[in-house]
Protein chains: 2
Amino acid sequence: MRYKLTFAYDGTDYQGFQSQKNGLGIQTVLEETLSKIAKEKIEVVASGRTDKGVHALGQVCHFDTLNKMSCNAWLRALNTYLPNDIAALDVEVVDDAFHARFHVTKKCYVYVIAKDYNLFRRHHEAYIPYPLDFEVMVEATKKLEGTHDFKGFGVYVEHKPTIKTLFQSSLEETDTHYIFTFIADGFLKYMVRSMVGTIVDIGRGKLPLSVIDIILENQDRTKVGKTSAPEGLYLKQVWY
Amino acid sequence: MRYKLTFAYDGTDYQGFQSQKNGLGIQTVLEETLSKIAKEKIEVVASGRTDKGVHALGQVCHFDTLNKMSCNAWLRALNTYLPNDIAALDVEVVDDAFHARFHVTKKCYVYVIAKDYNLFRRHHEAYIPYPLDFEVMVEATKKLEGTHDFKGFGVYVEHKPTIKTLFQSSLEETDTHYIFTFIADGFLKYMVRSMVGTIVDIGRGKLPLSVIDIILENQDRTKVGKTSAPEGLYLKQVWY
């Protein structure tokens, strides 16, 4: 039986979704917990990886098991045995053909920047210690929307397509935060943090607004701003 | 020259304000940072200790140094060299007779309980997985106000007075949280967490409302509820 699991995690204490030589990944914890509950070895396939320190509000994976527990029983058991920084949100039975990575149609990432440093939120939001021009950042963010070759903003992996469609690229301002929302059919490694870093550098006046067009046209990675910090990034939702 | 320093900290990664055999305290980090800046050994005297995992929004200490830097220079230097989970908020020159512990007139603690578990806030708020009766908790909280012998709610230390005046003991409810505020001329060790634990047990229906009067009248420690978790507790303000 194949199950689809939606889950959230605080990435602070992990080396990323995948385990690394130097530390534990969320995937390992999840697989160990599922295996313990099912009393058989279970492997998961997630919608994609997240980097060290990056969080998820709605990551998705699938797994196969002979253990035909009800979805509610899975949910309760997972939230009993998972550590406090990983939470199962939803479990459903899916067709054996369902694939959590291959069948993704859209993903949503949000990136949160605090206007003031809050030491209690330091692992869960980015802080930029410079004044930022909100209007020009909105313009820069809007320029990214649409279908482009995002190679300049990502890490190139051979044979992987770098043309993506950004359905939504928006920025809102609250009294305390700047919040970016990006919805696309796919994201390259470091793409969101690279886009945010570039937009922030534009907002600080360190880069001109036109740099966005140049990077999108020439895929010139040397032009992008500093990759923004992982603690502001959340994988919010995955669509199938 | 004697300085008064007001500072905030996230207690999550410390063994408490004071260093213990098994781990680092905030005091040690603060003294090492001050000593490094002043280029001489500096010791601090704080308004009081906080326990492992307890936070501060406005802890106060004093220290003496021969280094006559301006208050602003101290503030900037401290926030450059302190780790990200400790922040200097204010530095002022005080009379040599000022004492950060002996001269306290009032202290304010707040205790924050979340209505829903939020994995991103798990080190910074308490979560009670039971329905709570707000009205009866308000009544219980109000009963604590005034001058009482709080021995039943604290850990008794020989020769230390256990009669305290609680000027404010209140509870408010928001959409997402219950927030307690306690202002007193002094607090016994574990007193706030012991009061909150008892009030929560009353709110759950595990203890009757009358238990507050019994503990205050008979100082009966066996009657108090479970000491509430440290992560919900903040030392908010100290008055002199």
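Chain naming here is simple, since letters A, B, ... match the order of the sequence lines and numbering starts at 1 in each.
Crowding of A:F98 atom CZ: a count of heavy atoms from other residues, nucleotides or ligands under 6.0 Å exceeding 12. Heavy-atom contacts from other residues, nucleotides or ligands closer than 6.0 Å to NZ of B:K115 number more than 12. More than 12 heavy atoms of other residues, nucleotides or ligands shown are found within 6.0 angstrom of NZ on B:K4. Dense packing is recorded around CZ of A:R2, with more than 12 heavy atoms of other residues, nucleotides or ligands lying under 6.0 Å away.
Looking at B:Y9, only its backbone comes within 4.5 Å of chain A, counting heavy atoms on both sides. With a threshold of 4.5 angstrom between heavy atoms, A:Y127 does not approach chain B through any atom at all. For chain A, no part of B:L82 is nearby; none of its heavy atoms comes within less than 4.5 Å.
Residue B:R122 comes nearest to A:D10 through the heavy atom pair NH1-OD2, 2.7 Å, listed as atom of the first residue, atom of the second, then distance. When all heavy atoms of A:F120 and B:H55 are compared, the pair lying nearest together is CE2-CB, 3.6 Å. The two residues A:I86 and B:L119 have their closest heavy-atom pair at C-CD2, 4.1 Å.
Taken to the nearest 0.5 Å, the NE2 atom of A:H123 stands 7.5 Å off from the OG1 atom of B:T12.
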